[in-house]
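Here the structure is laid out as structure tokens; the discussion comes afterwards.
The figures that follow rest on heavy atoms only: side chains count, while hydrogens, waters and symmetry mates do not. This structure is a prediction, so every number in the text was calculated from the model and none was measured. In this chain, numbering begins with 1 at the start of the sequence shown.
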Amino acid sequence: MGIQDWTYVMVGLTFSIYIGIAVWSRARSTRGFYVAGRGVPALANGMATGADWMSAASFISMAGLISFMGYTGTIYLMGWTGGYVLLALLLAPYLRKFGKYTVPDFVGERYYSQAARIVAVFCAIFVSFTYVAGQMRGVGVVFSRFLEVPVEQGVLIGMALVFIYATLGGMRGITYTQVAQYVVLIIAYLIPAVAISYKITGNPIPQLGFGDQIASGEHAGRYLLEALDGIHRDLGFPEYTAAFVPGKKPMIDVLAITAALMIGTAGLPHVLIRFYTVKSARAARWSAMWALVFIAILYTTAPAVATFARVNMIETLHQTPYDEAPAWFKTWEETKLIAFDDKDGDGVIRYSGDATLNELTVDRDIMVLANPEIANLPAWVIALVAAGALAAALSTAAGLLLVISSAVSHDLFKSVVKPDLSEEGELWLARAAAGVAVVVAGILGIYPPGFVAQVVAFAFGLAASSFFPILVLGIFSRRTTKEGAIAGMVSGIGLTAAYIIYFKFIDTTAGADAYWFGISPEGIGTVGMLLNFAVTMAVSQVTAPPPEDVQRMVEEVRLPREA
């Protein structure tokens with residue numbers, strides 16, 4: 001069978017599993033819909049958390065970014081994994097011990113204010129829709145290539161699937177679907193990585209192979225990274241392993257982006273809500289530990305995948321006559337995600353770090369998906385990668401849509417607008433809100449504000465600047481007041497959103513010279529976070545202290561007792 005036939009088989013099989021799990025685990029109460037009945041085992045929750053967090057950005061785009069950015073691209077690797085340390089130490093067990101259903105629930109109760117709850121609802125929806133745009137974009141990229149349908153149709157197919165299992169199963173259905181999706185995505189990521197590592201270096205362990213010697217060919221006997229640095233120099237690119245050199249991000253921006261991604265990880269509402277689904281604070285800690293283990297399997301493999309893809313792409317395409325280009329290039333060219341512009345008219349593809357000479361344009365989001373084809377792996381492996389990419393994108397999309405749904409139905413309508421809303425009415429409203437969110441997410445997927453990992457980086461910055469400071473202060477500071485929390489959230493997310501919108505949608509021609517202190521929009525969340533902390537603490541000092549019962553609650557939530 002060909003690639004497309006295998007893709008139909010793989011995608012059809014995995015989609016059937018996901019829908020079957022959703023039907024089997026259908027939520028019949030708001031407790032089941034929002035927090036899966038609080039009965040998810042720590043191991044399963046860790047696996048589901050890994051799938052929920054390892055989105056299309058992790059599976060599709062991260063290795064692509066490292067492949068093009070080299071050393072600098074590891075900001076995504078360090079930021080996203082480091083954030084889980086903060087999450088496990090500072091937030092997860094305390095939020096679980098506090099109880100409730102959602103992050104805005106915590107904000108509303110801790111800061112004794114419906115206004116604070118409403119601001120948190122707005123922040124949760126804004127962050128989640130920004131994040132979900134990247135996931136739906138990833139779905140469209142996969143479908144456009146492997147099922148040979150337009151990106152728009154691919155997004156619509158993904159919307160239909162997410163609608164079924166997110167609205168039907170709720171958190172319970174999403175959790176066990178994500179367990180299955182983790183298994184699919186990690187197998188899909190590792191099989192081609194192992195095969196390509198063995199093919200290039202003779203070492204089947206990717207984490208070791210990309211630092212090993214090349215087994216055959218023109219560069220046989222040379223270390224892979226050493227050879228790639230030489231290739232980059234010859235083509236006019238900065239060395240792959242170099243840091244803070246011309247053509248790469250300055251140190252301040254690398255630091256800001258890494259911090260924004262790290263802190264944003266600990267403030268993402270769709271990740272935080274996962275720790276409400278386990279039985280106790282102890283189980284929440286174990287969930288975070290298991291999640292780190294499952295995430296590390298993919299994240300330690302990503303730099304190797306990036307390096308293999310970079311070497312294979314350059315050696316396959318550079319100085320190749322267009323008429324003799326490999327079949328995978330012609331197929332991806334039809335998706336408009338890779339393009340050849342014959343500037344000198346000689347019919348030969350030239351790849352160069354000099355923009356005036358370069359004739360090849362490659363979308364970073366295709367590198368992981370195209371890598372097995374470039375390496376001439378079997379069709380079933382290529383199809384498996386497509387199924388894995390869809391699993392990564394859809395698992396995160398479902399978690400985000402549940403956050404949006406619960407923010408509207410529980411935090412806004414049930415808690416503020418109509419407190420006497422029945423459980424049946426709230427459950428119906430939650431499913432309706434999820435349906436509307438799916439439609440909006442699809443529109444954002446069709447018209448995304450950037451490539452997958454870039455859009456996701458924006459979401460992390462928004463989460464860092466809005467939620468992280470008030471969650472940390474809400475747990476560890478009795479003196480933080482509702483006025484301080486509201487002012488901090490509004491100022492933090494306001495600055496971050498305004499900066500991103502200005503440089504990405506208004507003054508799109510502005511270069512790095514126009515950035516504040518050299519910090520790009522992907523890293524501005526760090527500045528927004530610092531502003532949030534400063535404003536929250538300053539306003540809290542000049543406003544009345546929280547009520548005594550709230551201060552007691554803050555003390556009790558940190559006591560070493562199970563909840």
Subject >> Side chain to side chain, Met62 and Tyr299, heavy atoms closer than 4.5 Å >> reply: yes
Original post:
Looking at CE of Met553 and CZ of Arg478, how far apart are the two atoms once the value is rounded to the nearest 0.5 Å?
Top reply: 12.5 Å
**OP:** Please round to the nearest 0.5 Å and tell me the distance separating atom CG of Asn532 and atom CZ of Phe468.
**Re:** 10.5 Å
Subject >> Derivation of the side-chain contact (heavy atoms from CB on, under 4.5 Å) call for Arg110 and Leu471 >> reply: CA-CA 9 Å; Arg110 163 58 183 87; Leu471 292 176; over 6 Å; no
Subject >> Note, Ile186 side chain near Leu298 side chain (heavy atom, < 4.5 Å) >> reply: yes
Original post:
Which heavy-atom pair separates Gly525 from Ala464 by the least distance, and what is that distance?
Top reply: O-CB, 4.2 Å
Original post:
In terms of heavy-atom contacts, does CZ of Phe476 have more than 12 from other residues, nucleotides or ligands at under 6.0 Å?
Top reply: yes
Subject >> Thr480 and Ser540 side chains, donor-acceptor separation under 3.5 Å >> reply: no
Original post:
At their closest point, which heavy atom of Val179 faces which heavy atom of Ala44, and how far apart are they?
Top reply: CG2-O, 3.6 Å
Original post:
Do any N or O atoms from the side chain of Thr536 and from the backbone of Phe533 form a donor-acceptor pair under 3.5 angstrom?
Top reply: no
Original post:
With a 3.5 Å cut-off and no angle check, do the side chains of Ser520 and Asp253 form a donor-acceptor pair?
Top reply: yes
Original post:
Looking at CD1 of Ile493 and OG of Ser465, how far apart are the two atoms once the value is rounded to the nearest 0.5 Å?
Top reply: 5.5 Å
Subject >> Between CG on residue Leu412 and CD on residue Gln114, distance to nearest 0.5 Å >> reply: 9.5 Å
**OP:** Count the heavy atoms belonging to other residues, nucleotides or ligands that lie under 6.0 Å from OH of Tyr94, then report whether that count exceeds 12.
**Re:** yes
Subject >> Side chain to side chain, Val472 and Leu91, heavy atoms closer than 4.5 Å >> reply: yes
Original post:
Which atom names give the shortest non-hydrogen contact between Thr258 and Val254, and what distance separates them?
Top reply: OG1-O, 2.7 Å
**OP:** Taking the side chain as every heavy atom from C-beta outward, state whether Thr526 and Ile519 have any pair of such atoms under 4.5 Å apart.
**Re:** no
Subject >> Nearest heavy atoms of Leu462 and Ser466, plus distance in Å >> reply: O-OG, 2.7 Å
Original post:
Would Phe294 and Leu43 satisfy side-chain contact (heavy atoms from CB on, under 4.5 Å), going step by step from the backbone distance to the final call?
Top reply: CA-CA 10 Å; Phe294 293 127; Leu43 178 63; 3.7 Å; yes
Original post:
According to the interplanar angle, ranging from 0 to 90°, do the rings of Trp290 and Trp286 count as parallel (below 30°), tilted (30 to 60°) or perpendicular (above 60°)?
Top reply: tilted
**OP:** Please report the closest heavy-atom contact between Pro303 and Leu77, naming both atoms and the distance.
**Re:** CG-CD2, 3.7 Å
Original post:
Looking at OG1 of Thr72 and NZ of Lys249, how far apart are the two atoms once the value is rounded to the nearest 0.5 Å?
Top reply: 8.0 Å
Original post:
Are any non-hydrogen side-chain atoms of Leu531 and Val527 less than 4.5 angstrom apart?
Top reply: no
**OP:** Decide yes or no for Phe129 and Val440: does some side-chain heavy atom of the first lie under 4.5 Å from some side-chain heavy atom of the second?
**Re:** yes
Original post:
Which class fits the ring pair Trp516 and Tyr499: parallel under 30°, tilted 30 to 60°, perpendicular over 60°?
Top reply: perpendicular
Subject >> Ile297 and Tyr182: CA distance, side-chain angles, deciding distance, side-chain contact (heavy atoms from CB on, under 4.5 Å) verdict >> reply: CA-CA 11 Å; Ile297 296 172; Tyr182 177 81; 3.7 Å; yes
Original post:
Would you call Ser409 and Trp428 a side-chain contact if the rule is heavy atoms closer than 4.5 Å?
Top reply: no
**OP:** Starting from the C-alpha separation in whole Å, work towards a yes-or-no answer on side-chain contact (heavy atoms from CB on, under 4.5 Å) for Tyr111 and Thr481.
**Re:** CA-CA 6 Å; Tyr111 293 106; Thr481 66; over 6 Å; no
Subject >> Gap between atom CE of Met489 and atom SG of Cys123 - 0.5 Å precision >> reply: 6.0 Å
**OP:** Could you tell me whether the side chain of Ser477 and the main chain of Gly474 form a donor-acceptor pair under 3.5 Å?
**Re:** no
**OP:** Can you see which heavy atom on Tyr112 is nearest to which on Val550, and at what distance?
**Re:** CD2-CG2, 3.8 Å
Subject >> Side chain proximity check, Gln551 to Arg479, heavy atoms < 4.5 angstrom >> reply: no
